[in-house]
Amino acid sequence: MTRYTASHWGIYEFDETETSPKLRPLRSDPDPSMIGLYQLDEKLLESRVARPAIRKSWLEHGPGARPELRGKEPFVQVEWAEAFNIVATELKSVIKEYGNSAIFGGSYGWASAGRFHHAQSQVHRFLNCIGGYVRHTGSYSLGAAHVILPHIAGTVSDLSAQHTTWDVLAEHTKLFVTFGGVPTKNAQSSPGGAGHHRVGPGLKEMARKGVRFVNIGPCNDNLDAECHAEWIHCRPNADVALMLALAWQIHADDAHDRDFLARCTVGFEKFLPYLLGEQDGIAKTPEWASRLTGVPSKRIVELAREMAETRTIVNVAWSLQRAHNGEQAFWMAITLAAMLGQIGLPGGGFGVGYGPMNANGSPHRQLSGPTFSQKENLVQDYIPCARIADMLLNPGATFPHDGALRTYPDIQLIYWAGGNPYHHHQDLNRLGRAWQKPRTIIVHDPFWTASAKRADIVLPVTTAMERDDIGYATQEGFLVAMRQIVEPFADARSDFDIFSGIAERMGVQQAFTEGRNDTEWLSHLYEDMRARWKKRDVDCPDFETFWEQGLVDLGEHASPRIMFEAFRSDPAKHPLKTPSGLIEIFSGTIASFDLSDCPGHAAWFEPREWLGSVNAAPDALHLLSDQPARKLHSQLDASPYSAAGKVGGRECIYMNPADAEARGVGHHDTVEVWNGRGRCLAAVHITDQIMRGVVRISTGAWYDPDETGLDLHGNPNVLTLDIGTSSLGQGCAAQTCLVFVRGTTNTRSPNPFKAPELL
């Protein structure tokens, strides 16, 4: 009988009568991802955590013992009862001596697509049951956007839900101008699990209908070849300068939509003096931008006129705001689209953005799915998620964030469930120094990731293949009865079972479990959701019927959508969730913060590290670190599918032929990539799809440094810059990074998936 499971990469089917079940894509998916087919691959078992394990020095000498040996010494395996007692005792000790504000509750990246066994909900609920914890806000993907967008157009979640649907784009858009492409490889996944993959088919239908694509940026392979896009080479981190020049030209041609600006925006008159140079003496002309971007001024003038004369979408990839001063890219893109005046019209406006996630452009309704309550957090301290190392290295220091001055707490214990910070964070050598500061680090993980290897206590958890759950992601169109496919590996347990055991020893088991087991929670969460949906005229079967049926298709509730259509028709009746209710080209709120690196309107700032700088070394290269095509972040990196995209077991560094020739390296040569922060090895992939002066290494290679600190596997985050995007957003600035490349004689093979020594 056909059963189902869900993952980040989509919905998969399997036959429960098979002795060794094999995953296959949902048969109705028009463009399924190959990645998720490898979730049952035996190769993954080599890096699984089998039993609870405690770092040797910590076990023998107590909390805080020899933190410099994290990642370098053996673990001692213990029984679950002993592990529960040790963890409970340490949590009680830290709370008694330092308070709950000394506990950082981390969760980012490894979470299940299932809504009950969602590690973030589990760990946060547990920590709230024992008095609370220091949390993080935002994300590495959209750290700057999460802060800037509510001031100017609406929250990230609201804007994502409102994106114009692909069918409307195909029917009405004439010109699709995208800064940073529309990478379909990124859209293979969705935070709660993709349904029907729609980005690739959506682009193909747009191309078939004659939509013209202009792809602006340093890479040309981030937009499907079938789009036949014009590629405009633009220097990385210079997009805002180009947008400003387009805006300048539109204004110079008197092609800006005065009526839309007057009805639907605030602050254009305060932005205009900056654009024209009356404020700082620098008019943002095409000639000015050409020097910064490398784009010919003539083409800037032509493009501005083309955009003003036809139905145009301005799209920006998320990568643009993962850079120094990244807030400005999203703000300026929306400002540019507002000047064109097509926001709210079919096929016009902006996207932030199409491509990074499968759900953007979905026709499905925004419905809240099954939710395992995290309860109330009594601790008020928080950090922007990309500021982990800053927090650990600078307890008591102040930092600005969204107009407020915050204080870094003094963290004594990190409890991490659902994630791998040694994948997501920047400048891993700096993180390594910061990681030595807490007295105890506890990690739940199915695998011996770099983070697990550098913990004090590691508790093995099951994967989505080893437990029952409910799969759902808003706007993906399906509810999925996620059936357990295989037995748990070795002694692995679910996060819920682990926290239940610890909660019992801390006297909060009833508060955590509410007297329900896993199965009872699934039924309870489903029926709660079912009642909420019924109030919105969405009927679902009862839980028993759903569980047997396996899949609920919400397609009948889908419909075309035009972003901001109602707002455009009547801004007073349908205001945005901004301070003014309008699009804020000038934000009085942000201006009141008086920040030197984020004024009250979009502006150009030279990045910290930049090829256009007079201080840049002549042989420096700009490193881009993008989402990999064969895994999600670092997930399933050990699979054969991920391995097939590497050369000699290493990630590739994509390089323009001229840059390779200048450095005397050839296709598939192993090279050392380095800067003042770190070094890694990578295999050269020569391509004309990346502009000269720029290289790219996809993220996700498990961190595997040798005794000198050289990463052997090709992890670009040993090189990336660990600073905030600005004092407003404090987001991840990984895309601002200069490196050098040289040949190497070091051909030692990486071995990132090997378990540590176990006693």
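Computed from a prediction, not measured in an experiment: that's the story for all the values here.
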* Go through the steps for Trp58 and Ile86 under the test side chain to side chain contact (heavy atoms under 4.5 Å, CB included), then give the verdict. => CA-CA 11 Å; Trp58 195 100; Ile86 288 172; 3.6 Å; yes

* To do: Hey, can you tell me if Phe75 and Trp448 have their rings parallel, tilted or perpendicular (30° and 60° cut-offs)?
  => tilted

* Asked: Does Arg125 make a cation-pi contact with Phe499 (under 6.0 Å, within 45 degrees of the axis)?
  -> no

* Can any side-chain N or O of Arg454 pair as donor or acceptor with the backbone N or O of Trp435 at less than 3.5 Å? -> no

* Arg51/Glu79 ion pair, N-O < 4.0 Å -> yes

* Compute whether any side-chain donor of one residue and acceptor of the other, for Arg677 and Asn429, lie under 3.5 angstrom apart. => no

* Atom pair CD/OG1 of Gln635 and Thr449 - distance to nearest 0.5 Å -> 11.0 Å

* Heavy-atom closest contact (Tyr472 atom, Ser368 atom, distance) -> CE2-C, 4.2 Å

* Please check if the side chain of Thr474 supplies one atom and the backbone of Leu367 the other of a donor-acceptor pair under 3.5 Å. => yes

* Ala481 versus Trp547, closest heavy-atom pair with distance -> CB-CE3, 3.6 Å

* Parallel, tilted or perpendicular: which fits the ring planes of Tyr408 and Phe399, with parallel below 30° and perpendicular above 60°? -> parallel

* Asked: Is there a donor-acceptor pair closer than 3.5 Å between any side-chain N or O of Glu68 and the backbone N or O of Gln436?
  -> no

* Asked: Within the distance-only criterion (no hydrogens, no angle test), does the side chain of Ser642 pair as donor or acceptor with the backbone N or O of Ala638 below 3.5 angstrom?
  -> no

* Do the ring planes of His136 and Phe104 sit parallel (below 30°), tilted (30 to 60°) or perpendicular (above 60°)? -> tilted

* To do: Kindly compute the distance separating CG (Asp704) from SG (Cys680), expressed to the nearest 0.5 Å.
  => 11.5 Å

* **Stepwise salt bridge (Lys or Arg N to Asp or Glu O under 4.0 Å) check, Asp445 with Lys453** => CA-CA 10 Å; Asp445 211 313; Lys453 291 175 182 176; over 6 Å; no

* More than 12 foreign heavy atoms under 6.0 Å from NZ of Lys43: is that the case here? -> no

* To do: Could you tell me whether a side-chain N or O of Asn100 sits under 3.5 Å from a main-chain N or O of Ile130, the two making a donor and an acceptor?
  => yes

* Asked: Do Asn358 and Glu476 have side-chain N/O donor and acceptor atoms under 3.5 Å apart?
  -> yes

* Determine the sole option in Tyr422, Trp702, Tyr703 for which the side-chain contact (heavy atoms from CB on, under 4.5 Å) test with Ser451 is passed. => Tyr422

* **Side chain Thr725, main chain Gly731, donor-acceptor under 3.5 Å** => yes

* Asked: Is there a donor-acceptor contact under 3.5 Å linking the side chains of Asp597 and His324?
  -> no

* Charged N to carboxylate O under 4.0 angstrom, Arg135 versus Asp381? -> no

* Is there a donor-acceptor pair closer than 3.5 Å between any side-chain N or O of Gln475 and the backbone N or O of Ala161? -> yes

* Quick one: do Lys56 and Glu757 make a salt bridge, cutoff under 4.0 Å? -> no

* Test item: side-chain donor near acceptor, Ser494 and Arg467, under 3.5 Å -> no

* Any sub-3.5 Å donor-acceptor pair from Asp402's side-chain atoms to Val147's backbone N or O? -> no

* Side chain Glu466, main chain Thr463, donor-acceptor under 3.5 Å -> yes

* Glu520 side chain to Leu522 main-chain N or O, any donor-acceptor pair under 3.5 Å? -> no

* **Donor-acceptor side-chain pairing of Asn717 and Thr720 below 3.5 angstrom** => yes

* To do: Identify which one of Tyr133, Tyr108, Tyr415 satisfies the ring pair (Phe, Tyr, Trp, His ring centres under 6.0 Å) criterion when paired with His124.
  => Tyr133

* Flag yes if more than 12 heavy atoms outside Lys754 fall under 6.0 Å of its NZ atom; otherwise flag no. => no

* Structure fact -> Of all heavy-atom pairs linking Thr462 and Pro488, the shortest is CG2-CB, 3.7 Å

* Intermediate values then yes/no, side chain to side chain contact (heavy atoms under 4.5 Å, CB included), Arg439 and Val94 -> CA-CA 9 Å; Arg439 76 183 216 174; Val94 169; 3.6 Å; yes

* Asked: Name the one of Arg322, His423, His425, His633 that satisfies side-chain contact (heavy atoms from CB on, under 4.5 Å) with Tyr140?
  -> His425

* To do: Rounded to the nearest 0.5 Å, what's the gap from CG on Leu759 to CD1 on Ile54? Could you check?
  => 12.0 Å

* Just how far is it from atom CZ of Arg115 to atom CG of Asp469, taken to the nearest 0.5 Å? -> 8.0 Å

* **side chain to side chain contact (heavy atoms under 4.5 Å, CB included) evaluation trace for His444 with Val123** => CA-CA 10 Å; His444 291 199; Val123 66; over 6 Å; no

* Can you tell me if Ser157 and Thr155 form a side-chain donor-acceptor pair at under 3.5 Å? -> yes

* Asked: So, for Phe512 and Phe496, is the gap between ring centers shorter than 6.0 Å?
  -> yes

